[in-house]
Amino acid sequence: MTGLRLATAENGKPIFGFGERLVRSLEYLRFKAKSHNALYACETVSRVVSEQHKYRLYIEMFPKDWERSTKSLHRAGYFKAYSERTNEFFQLVNDKCFPLLEYWHDDPELELERFAIPPMNFDLCCEEVDFAHLRDSYLAGLMFYFLEDDEIWNYFSEKYAVDKESLPPIKVAHQNIWKEKHGAKARSFSDLIRLVDHSTGNPWLDITNCQYPDLFEWDKETVDWLTEAYKAANQYFKNLEQLDRRIEEDAQTFFYELISFWNTGKVGSERHKVSDE
Amino acid sequence: MQPDESPLELLRAENEQINPAIILADRLMRRDAAELLSVEEVNEAENILAVGTQEIEVIESHRKAFQKSPTSAIDYVPIGF
């Protein structure tokens, strides 16, 4: 077995207060009262192994927090299926890695053997479009998916005097817009469309409330991957700022280039009225 | 298994053992939670868990089979009755 470097006395043995020893004893007695029930024994083994797995992950990911921790290894925490120490680990993941304890993870009876992540993107499938809460650039991307809805055009017409009639008509998306590699200018359009389309490859941006949630395992690779993906997802939204600025500077040119990219896979360099052919 | 063995004889012939999960659970509950299980110990626990769960399922299926067994008269009074 591996020592956990808890607070130790001079003889090297971990220091536990009376309360912790009492809780441990009560936990054992509770188990002992049911110990001849094989089903309960299987549940106990599963729970202990699961908790040990999370302790190991806690130590691996947050060794200093583990050393400083005074949370009980035996007393149940907010999520009743887990000790206070494991609950502390969940909180650390939530604070330092990605939002774990929001959304549907708020039921104290919940078992977090696998976990879901909340979608960060806007749901196209069932949400009412609330323009007031969307960035202008995101709204610009939405116009490809709400072709029959003049509300978006009216918004841009009123805010930036965009003249829809002088812009190319929106056609079927050109397959090149989904290419992995683009030049700098096309890249920002490609990222925008991928974001609106929920096809970024980033789970935080691609999942929606309308689908059965993906469930993730408690292992370091998955937690690290989700942490990086969460940062990248935030960067996606951060990148919209420069598109917003381009709209503010010259909305008409922005829309011309964006529609041109959607129709042809290239960013058009000339502004002219295009017929419906 | 002999074809002429009665269910009772079959039961009596079975090895009797405590479900290994009970023994392991007791061992785990006695140890200090601050001592992490090694990889080997986790593997052992998972194996025992599989065996223990399987044993429960087997016993449960036997119990259901016995419950479905039709009653039949016998020509002697069992000991204790």
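Proteins come first, then strands; the chains are lettered A, B, ... in the order of their sequence lines, and each starts at number 1.
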How about residues 47-57 of chain B versus chain A: which residues have heavy atoms under 4.5 Å apart?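 The list, in residue order, reads B:Leu49, B:Gly52, B:Thr53, B:Ile56.
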Could you report the tightest heavy-atom contact between [X] and [Y], atom names first, then the distance?
| X | Y | result |
| --- | --- | --- |
| A:Gln52 | B:Leu36 | OE1-CA, 3.1 Å |
| A:Val49 | B:Leu37 | CG2-CD1, 4.4 Å |
| B:Asn19 | A:Ala38 | ND2-CB, 3.5 Å |
| A:Cys42 | B:Ala21 | SG-CB, 3.6 Å |

Given that the side chain runs from C-beta out, which part of B:Arg30 has a heavy atom under 4.5 Å from chain A: side chain, backbone, both or neither?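 When you check distances to chain A, atoms from both the backbone and side chain of B:Arg30 fall under 4.5 Å.
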Chain A contact via B:Glu40 - side chain, backbone, both or neither, heavy atoms under 4.5 Å: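 B:Glu40 has no heavy atom closer than 4.5 Å to chain A.
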Spacing of CE belonging to B:Met29 relative to CZ belonging to A:Arg47, to within rounding of 0.5 Å: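 Nearest 0.5 Å value for the CE-CZ distance: 5.5 Å.
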Taking it one step at a time, do B:Leu28 and A:Thr44 satisfy side chain to side chain contact (heavy atoms under 4.5 Å, CB included)? CA-CA 9 Å; B:Leu28 291 177; A:Thr44 302; 5.9 Å; no
Side chain, backbone, both or neither of A:Ser46 within contact of chain B (heavy atoms, under 4.5 Å):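 Both parts, heavy atoms under 4.5 Å.
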Applying side chain to side chain contact (heavy atoms under 4.5 Å, CB included), name anything that partners A:Arg114, two or more places apart in sequence or on another chain. A:Leu215, A:Glu217
Does A:Lys71 have any salt bridge (Lys or Arg N to Asp or Glu O under 4.0 Å) partners at least two apart in sequence or in another chain, and if so, which?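 Applying salt bridge (Lys or Arg N to Asp or Glu O under 4.0 Å) to A:Lys71 gives none.
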By salt bridge (Lys or Arg N to Asp or Glu O under 4.0 Å), which residues pair with A:Glu111, not counting sequence neighbours?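 Residues passing salt bridge (Lys or Arg N to Asp or Glu O under 4.0 Å) with A:Glu111: none at all.
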Taking atom CD as the centre, does A:Gln175 end up with more than 12 heavy-atom neighbours from other residues, nucleotides or ligands that are less than 6.0 angstrom away? no
